[in-house]
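All remarks here apply to the structure that follows.
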Amino acid sequence: MNCSDNLSTATADAASLIACIEREFAGTQRAETSLRQFLLTDKYGMSEDISEREWAASGKDRVDSIWQEIPDAEIEECEGLLAHMEAEEFLYYLPAYMRYAVAYQHRTSWETDVLGMTVHALSPFERNRDLRTHSIAKYAGFNAAQRQTVVLFLTFVAQVDESLSGQYALDALANYWQADTA
């Protein structure tokens with residue numbers, strides 16, 4: 001039995017959706033690169049500007065051995081990094097971002113834009129074929145239940161968020177996720 005058996009997208013509540021995310025993404029393999037290391041690459045690019053010492057220091061304070069241990073403060077600090085990840089890292093970090101986004105969906109975008117950034121990372125580009133291909137490749141490691149959980153997440157956002165994030169969630173569903181999971 002998967003989460004969609006227990007959770008109707010039309011009546012999803014935050015607690016049920018968080019339980020679904022935790023259940024369907026449990027056991028996801030830990031990413032080697034920490035969120036703070038992604039923050040460094042976002043700041044400097046993949047150039048040689050990042051010293052080995054700086055790279056090691058940004059990873060040494062890492063507290064997560066599983067994605068459920070990623071602190072909310074670290075997600076807030078690194079809110080826009082999902083877009084820069086490859087498939088393995090994306091699969092590991094996405095459930096933490098979705099859980100955070102659902103738990104704090106009432107917060108405004110100027111407080112934190114984790115919700116918007118998470119929806120954006122689940123929205124394959126329509127106009128640029130290379131970016132669309134890259135986005136879709138990040139979803140390749142998801143199993144069917146995880147893909148359905150993403151649909152539930154996007155549906156939830158579309159129902160509770162009247163801002164651009166809600167519209168982007170609807171677009172992502174229509175332009176990729178609903179067709180992909182049908």
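What you are looking at is a predicted structure, and each value in this text was computed from that prediction instead of being measured.
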Contact summary for Glu86 and Lys138, nearest pair of heavy atoms:
C-CG, 4.3 Å
What distance do Ser16 atom OG and Arg23 atom CZ have between them, rounded to the nearest 0.5 Å?
12.0 Å
Taking the side chain as C-beta and beyond, is there a heavy-atom pair between Arg36 and Glu77 under 4.5 Å?
yes
Flag the pair Gln146 / Leu94 as yes when at least one side-chain heavy-atom distance between them is below 4.5 Å, and no otherwise.
no
Whether Phe25 and Trp67 hold their rings parallel, tilted or perpendicular, with breakpoints at 30° and 60°
perpendicular
Is it true that Val102 and Leu170 fall in one hydrophobic cluster, defined by side-chain heavy atoms closer than 4.5 Å?
no
Is there a chain of hydrophobic side chains (I, L, V, M, F, W, Y, each step under 4.5 Å between heavy atoms) that links Leu164 to Val157?
yes
Parallel, tilted or perpendicular: which describes the rings of Tyr139 and Tyr176, with under 30° parallel and over 60° perpendicular?
tilted
Find out whether Phe153 and Val119 are in side-chain contact, i.e. whether some heavy atom of one side chain is under 4.5 Å from a heavy atom of the other.
yes
What I want to find out is whether Arg62 reaches Glu74 closely enough, with some N-O distance under 4.0 Å, to be called a salt bridge.
no
State, to 0.1 Å, how close Leu122 and Pro124 come at their nearest heavy-atom pair, and which atoms those are.
O-CD, 3.3 Å
Nearest 0.5 Å, please: how far is CG in Leu154 from CG in Asp161?
11.5 Å
Between Tyr104 and Tyr100 (judged by ring centroids, cut-off 6.0 Å), do the two rings come close enough to count as a pair?
yes
Going from CG on Leu35 to CG on Leu81, what distance comes out if it is rounded to the nearest 0.5 angstrom?
6.5 Å
Is it true that, when you exclude Glu54 itself, more than 12 heavy atoms of the residues, nucleotides or ligands shown sit nearer than 6.0 Å to its CD?
yes
Taking every heavy atom of Phe156 against every heavy atom of Gln105, the minimum-distance pair comes out as CE2-CG, 3.9 Å
Check against side chain to side chain contact (heavy atoms under 4.5 Å, CB included), Val151 and Arg147
CA-CA 6 Å; Val151 169; Arg147 295 176 93 67; 5.9 Å; no
Closest heavy-atom pair, Ile66 versus Tyr92, reported as atoms and distance to 0.1 Å, is C-OH, 3.0 Å
State plainly whether one hydrophobic cluster holds both Leu39 and Tyr93, where clusters connect Ile, Leu, Val, Met, Phe, Trp and Tyr through side-chain heavy atoms under 4.5 angstrom apart.
yes
Would you name the heavy atoms of Ile18 and Arg99 that are closest together and state the gap between them?
CG2-CG, 3.8 Å
Closest non-hydrogen atom pair between Asp64 and Arg30, with its separation
O-NE, 2.7 Å
Working to the nearest 0.5 angstrom, can you tell me the gap between Leu152 CG and Glu24 CD?
9.0 Å
Rounded to the nearest 0.5 Å, the CD atom of Gln68 sits from the OG1 atom of Thr28 at a distance of 7.5 Å
Would you check if Tyr97 and Cys78 make a side-chain contact, meaning some heavy-atom pair closer than 4.5 Å?
yes
State, with a plain yes or no, whether a side-chain heavy atom of Val114 is found less than 4.5 Å away from one of Met117.
no
Exam field: side chain Glu69 to backbone Ser65, donor-acceptor pair closer than 3.5 Å:
yes
How long is the gap from CG on Asn128 to NE2 on His134, to the nearest 0.5 Å?
11.0 Å
More than 12 non-hydrogen atoms from neighbouring residues, nucleotides or ligands closer than 6.0 Å to OH on Tyr168, yes or no?
no
Side-chain contact, heavy-atom cut-off 4.5 Å: Glu89 with Gln37?
no
